[in-house]
Number of protein chains: 2
Amino acid sequence: MAPEAAVQSDKNNDVPRLENLTLSQRAHTFLRDEILSNRLPPGTELQEVALSQQLGVSRGPIREALGRLAAEGLVTVRPRRGAVVHSLSSGEFLEAYQVREALEVLAVRLAVPRLGPEGLAELQTVTDTMAAQAASGHVTEFFEANSLFHETFVQLSGNEKLQEVYRRLIGQMRRYWRRSLVLRGDLRRSVSEHRAILRAAREGDAEKAAVLMAEHIRVPQARLQSMTADELLEAEASFDRKVSE
Amino acid sequence: MAPEAAVQSDKNNDVPRLENLTLSQRAHTFLRDEILSNRLPPGTELQEVALSQQLGVSRGPIREALGRLAAEGLVTVRPRRGAVVHSLSSGEFLEAYQVREALEVLAVRLAVPRLGPEGLAELQTVTDTMAAQAASGHVTEFFEANSLFHETFVQLSGNEKLQEVYRRLIGQMRRYWRRSLVLRGDLRRSVSEHRAILRAAREGDAEKAAVLMAEHIRVPQARLQSMTADELLEAEASFDRKVSE
DNA sequence: CGGCTGGTAACTGTTAACAATCCGCGCGCG
DNA sequence: CGCGCGCGGATTGTTAACAGTTACCAGCCG
């Protein structure tokens, strides 16, 4: 199965030429990027005419793109009342975290026995950059490196269906990276947890690595459950203050 | 999030009136049902004109439906070359089984601590009908009851995101229920495994139930991995002979 | 006899116009 | 003053026609 929305691309080119793409594909990836990068934050209304003018195409391709995004969970379309960028309540966020935990534990179990020296090196590199970003207080870059660590495990699992499901889920959660970081708390602890997972993986102890990963992902879950909505908002606000310093 | 492709339905009617649905929604659910019920088996070409005539609508709604089905993984659309019902290779089938195992283990872990008497009764009922169908050799009905058992656990987990991900995955696997049954083998063993899971759940031992569920789902996986493609085909053929008796 | 070429038919991609629905606003009524 | 009513603009849903691409087949050339 092709990685993105079951649309086969050319065998020769991993990244198909722009001119060969259909307009609805271009609209799809454009909107997808806009949403995932938070340039279109949750709750934004997506009007077909405005989008079609912005992209210079008619409404047809836009509608197809919106429909696909809806099926991916990035957009909510209310029949006859327009589409909006889908938003996650804190409850849904917690639910997604639980599913993510299950998927990543599977990824670790599958990946560790298959791990070669290249895979281990890759994980090591990612962990090191993550530690560096944490030390210098670059929270955004830290988050990116952190995400990459987890995604690398999923990739190294060799299970493409798992990758597909995982990426879809992450796509829904990624936009709330601020919330994730707030819940995560201490960056250094996070780094040392990653180091422990990597150590277990290097020893070939899949079960231990899986347990450590599960506990690692459960940290933000636990904090989220012990917080009220107001406390979460306050924490996010103070996070913003700290970052903008 | 609404269960079906992020499309909100009326608050008042759980099953929205046919006349209120948009044509693309009708086309979507129609094609979905046709695919899931195997009336449109994997590999079938889906031509827009033919479908639009069959449903009495123009190609626009059909295209939107196909796009959404593609995003759900039920259809593969090859740009400019038409859409086909998506098919799973035996490798992809195995991958899906692994993901399913992870999801169901999560479901059991979440569901068991929440189980009330009604939930237990529901699981018991389903298990009993499954045993009855197994005893009388009604394989199709057995499979339905079996699926229901698993889906009930997912439902009782209370995690809606999990339900969404699970249902999407099952939708891709369900069409291969013959293959599932062949790999499963002895129906009675399957029933007793379900009974053991239910017993652990009744005792409130989430961990034990989760382990049993994992082992239960791993049975067909193991057989699939130990079989060549030819052996699988032969087994399916002999299964057909047995059923048609 | 096999493979290439050109043409044609079928199909997908896209557009613009039409139809129906929803939303906001002012008006009149109670 | 509050509330329903209806009207008009804006927006979504749908259609039919057009444009471009792909697949297939016949016929020709090697």
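A note on names: the letters A, B, ... follow the listed sequences, proteins ahead of strands, and every chain is numbered from 1.
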- Whole-Å distance, L21(A) CG to dT14(C) C1', equals 15 Å
- Task: Give a yes or no on whether the backbone of K161(B) and the side-chain of E95(A) come within a donor-acceptor separation of less than 3.5 Å.
- Result: yes
- Do E151(A) and Y166(A) get their side chains close enough for a donor-acceptor pair, meaning under 3.5 Å? no
- Can you tell me if E92(A) and H86(A) form a side-chain donor-acceptor pair at under 3.5 Å? no
- Task: Calculate the interatomic distance between I62(A) atom CD1 and dA16(C) atom C1'; express it in whole Å.
- Result: 15 Å
- Task: Could you state the atom-to-atom distance from CZ of R63(B) to P of dT15(D) in whole Å?
- Result: 15 Å
Kindly give the atom pairs (protein nitrogen or oxygen, nucleotide nitrogen or oxygen) under 3.5 Å for nucleotides 21-25 of chain D.
| unit_1 | atom_1 | unit_2 | atom_2 | d |
| --- | --- | --- | --- | --- |
| dA23(D) | OP1 | R81(B) | NE | 2.5 |
| dA23(D) | OP1 | R81(B) | NH2 | 2.9 |

- Do side-chain atoms of Y176(B) reach the backbone of L88(B) as a donor and acceptor pair under 3.5 angstrom? yes
- Between dC18(D) (P) and L23(A) (CG): distance, integer Å: 20 Å
- Task: Please report, rounded to the nearest Å, how far the C1' atom of dC23(C) is from the CD atom of E45(A).
- Result: 11 Å
- Task: Would you kindly give the CZ-to-P distance between R78(B) and dC11(C), to the nearest whole Å?
- Result: 13 Å
- Query: Over how many whole Å does the gap from E48(A) atom CD to dC22(C) atom P extend?
  - Reply: 15 Å
- Do you know the tightest heavy-atom contact between L183(A) and M227(A)? CD2-SD, 4.1 Å
- Task: Starting at atom CD of E64(B), determine the distance to atom P of dT14(C), rounded to an integer number of angstrom.
- Result: 13 Å
- Message: Nearest 0.5 angstrom please: M173(A) CE to Y97(A) OH, how far?
- Response: 5.5 Å
- Query: What is the distance from atom CG of L51(A) to atom CZ of R59(A), rounded to the nearest 0.5 Å?
  - Reply: 11.0 Å
- For Q172(B) and E72(B), indicate whether the former's side chain and the latter's backbone hold a donor-acceptor pair under 3.5 Å. yes
- Contact residues, residues 53-61 of chain A to DNA chain C [heavy atom, < 4.0 Å]: V57(A), S58(A), R59(A), G60(A), P61(A)
- Task: Could you walk me through whether R168(A) and R168(B) pass the side-chain contact (heavy atoms from CB on, under 4.5 Å) test, one step at a time?
- Result: CA-CA 12 Å; R168(A) 190 195 302 273; R168(B) 189 195 301 274; 3.6 Å; yes
